[in-house]
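Order of the sequence lines sets the chain letters (A, B, ...), proteins ahead of strands, with each chain counted from 1.
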Protein chains: 2
Amino acid sequence: MPRAGALRHQTTPPRAVPPTHAGPFLGASELMGFIISYPPDAEIYGEEEQAEYFYKVVNGSVRTYKTLKSGRRQIVAFHVPGDVFGLETRGEHTLSADAVAESSLLLIKRSALVALAEQDKDAAGRLWTLTAAELRQVQDHIRLFALPARERVAGFLVEMAQRLSANDEVELPMARQDIAGYLGLTVETVSRSFTQLERLDAITVRTSRRILLRNYFALVRLSA
Amino acid sequence: MPRAGALRHQTTPPRAVPPTHAGPFLGASELMGFIISYPPDAEIYGEEEQAEYFYKVVNGSVRTYKTLKSGRRQIVAFHVPGDVFGLETRGEHTLSADAVAESSLLLIKRSALVALAEQDKDAAGRLWTLTAAELRQVQDHIRLFALPARERVAGFLVEMAQRLSANDEVELPMARQDIAGYLGLTVETVSRSFTQLERLDAITVRTSRRILLRNYFALVRLSA
DNA sequence: CGACCATTTGATATGGATCAAGCGATGTGG
DNA sequence: CCACATCGCTTGATCCATATCAAATGGTCG
């Protein structure tokens, strides 16, 4: 069972193993897992907590972040449906994680999966592959900090378009404040950047969360 | 044998396997490796090149980075003696790497180590562990971007002090320009930040590369 | 010794932060 | 069902930290 903190926010009863489109955890279909729902802004785990579970986003979205003394948060990554996160090799988390919006996560016991990986080289390989994928993602995130504000936002939209496998319209799962926290900018600057990209005919802001990509390649060029 | 590009810069003949303090690669002492020396600024590999080797720094230091269209480089990580880098799960590199100063690297064939990991669960585990360690490092790097210049530099010094296992004097392996590229600042701002930290009695800049940490905890506090 | 390059310091410019106000969507209570 | 409170987003005005431009200093190597 999950720790108290996880259950604290539960709004639907845990169900036994992968329902519908949750999919197996890391392909380890023989391992039991269960789903928990988290309301918006619910904490999933905190920095330096014991890492008891690995997580897979079934739906909704999750942010991981570091909190600074000043209270400011640097968001390290967003996780969307299909993503696995919280893959700690050591016992404790080095980031905090919480739900951006109402989200369902598939949890699996870390100890069980690590034990499985000891015997099943396929499972071991998947652990490595997933961790490496997250590493690449964070490396790409760092690249954005070499760019000015508008270009960072362009890069962010490109990333989201790819990860949400959007056609030409992206449904952003997070608020401006979260985008700002991810890009190291303020809400105001993010908002102005959207406006600027709109004036460049690169996007149309249909609603604040729904962005029409009118010129995807312009966005790629800007953020390159 | 390494690709032409690697040999291009070789200044000492490759030797068979771990000499002196090079240590085994990932503990896989049964695997052959060889050492190559790279002069300052020599390219080790480029973005999108085939990843034929994994690397361990024997001595010297290495930077990995992404180059932007503008020509600007965002340094993603520094690697110092003992660090392993270039652990790609897929066939190609997603970063460029080059030697910061004259450096000796232990190379091992990716295919050989991956094949070993298929059978030796200990090797597989080490691959995962090392990749996860690099992930944590990059996550910590991102955290710095939430801080103002002086605090970023403080955080950088703390990181270097830890990784170079320094007592109270750090010998920085890289120039100001590289620090700037790592922190998303300009050389001038980095230089001024050193001066400011000196005025705060946190450090003494003995030479530009040799930093005396007069108040380590002040540095930690600043960057927290 | 002298040239070169890295670093530091100084003066000014500017992109993004901050402060402040308005706007629009959403939900709530009368 | 509408009036109004709330919250997230946008826009505007001003400020400031860092970039840029420029020059002086200092260390290194031929």
Would you tabulate the nitrogen or oxygen pairs shorter than 3.5 Å linking the protein to nucleotides 21-30 of chain D?
residue	atom	partner	partner atom	Å
dC21(D)	N4	Glu188(B)	OE2	2.9

For this session: Kindly state each residue pair satisfying ring pair (Phe, Tyr, Trp, His ring centres under 6.0 Å) with at least one member in residues 204-224 of chain B, sequence neighbours excluded.
Result: none
Exercise. Pairs in or reaching into residues 153-177 of chain A: which pass ring pair (Phe, Tyr, Trp, His ring centres under 6.0 Å), with residues at least two apart or in two chains?
Worked result: Phe156(A)-Tyr182(A)
For this session: Output all residues satisfying salt bridge (Lys or Arg N to Asp or Glu O under 4.0 Å) with Arg136(A), sequence neighbours left out; order by chain, then residue number.
Result: none
Problem set entry | Ser223(B): partners by side-chain contact (heavy atoms from CB on, under 4.5 Å), with sequence neighbours left out | Leu147(B), Ala154(B), Val158(B)
Exercise. Above 12 or not: heavy atoms from other molecules or residues under 6.0 Å from CZ of Arg90(B)?
Worked result: no
For this session: May I ask you to decide if the ring planes of His79(A) and Phe85(A) are parallel, tilted or perpendicular, using 30° and 60° as cut-offs?
Result: parallel
Check the interface with nucleotides 14-18 of chain D: list each N/O to N/O pair with the protein under 3.5 Å, or write none.
residue	atom	partner	partner atom	Å
dT18(D)	OP1	Ala149(B)	N	2.8

For this session: Might you point out which heavy atoms bring Ile179(A) and Met174(A) nearest each other, and give the distance in Å?
Result: CG1-CG, 3.7 Å
For this session: Would you mind checking if Asp168(A) and Arg214(A) are paired as a salt bridge, meaning a charged N to carboxylate O distance below 4.0 Å?
Result: no
Please list, for nucleotides 6-9 of chain D, all pairs of protein and nucleotide N/O atoms separated by less than 3.5 Å.
residue	atom	partner	partner atom	Å
dC9(D)	OP2	Arg176(A)	N	3.2

Exercise. Hey, what bend do you get for the helix from dC1(C)-dG30(D) to dG30(C)-dC1(D) if you fit axes on five pairs at each end, rounded to 10°?
Worked result: 30°
For this session: Classify the ring geometry between Tyr45(B) and His93(B) as parallel (under 30°), tilted (30 to 60°) or perpendicular (over 60°).
Result: parallel
For this session: Scan residues 195-206 of chain A against DNA chain D and write down, sorted by residue number, each residue with any heavy atom closer than 4.0 Å; if none is found, say none.
Result: Thr195(A)
Problem set entry | Pairing residues for Arg206(A) by the salt bridge (Lys or Arg N to Asp or Glu O under 4.0 Å) criterion, not counting sequence neighbours | Glu169(A)
Exercise. With a cut-off of under 6.0 Å to the ring centre and 45° to the axis, is Arg163(A) in cation-pi contact with Phe78(A)?
Worked result: no
Problem set entry | Asp178(A)/Arg73(A) under salt bridge (charged side-chain N to carboxylate O under 4.0 Å, His left out): CA gap, chis, key distance, verdict | CA-CA 9 Å; Asp178(A) 285 322; Arg73(A) 288 176 169 195; over 6 Å; no
For this session: Sequence neighbours left out, what pairs pass side chain to side chain donor-acceptor pair (under 3.5 Å) with at least one residue falling in residues 141-154 of chain B?
Result: none
For this session: Would you check, one step at a time, whether the test side-chain contact (heavy atoms from CB on, under 4.5 Å) holds for Val58(B) with Leu105(B)?
Result: CA-CA 5 Å; Val58(B) 176; Leu105(B) 308 181; 5.8 Å; no
Exercise. Under the side chain to side chain donor-acceptor pair (under 3.5 Å) criterion, do Tyr65(B) and Asp98(B) qualify, and how do the steps go?
Worked result: CA-CA 9 Å; Tyr65(B) 58 91; Asp98(B) 54 37; 2.9 Å; yes
Set out, line by line, the N/O atom pairs under 3.5 Å between protein and nucleotides 22-25 of chain C.
none

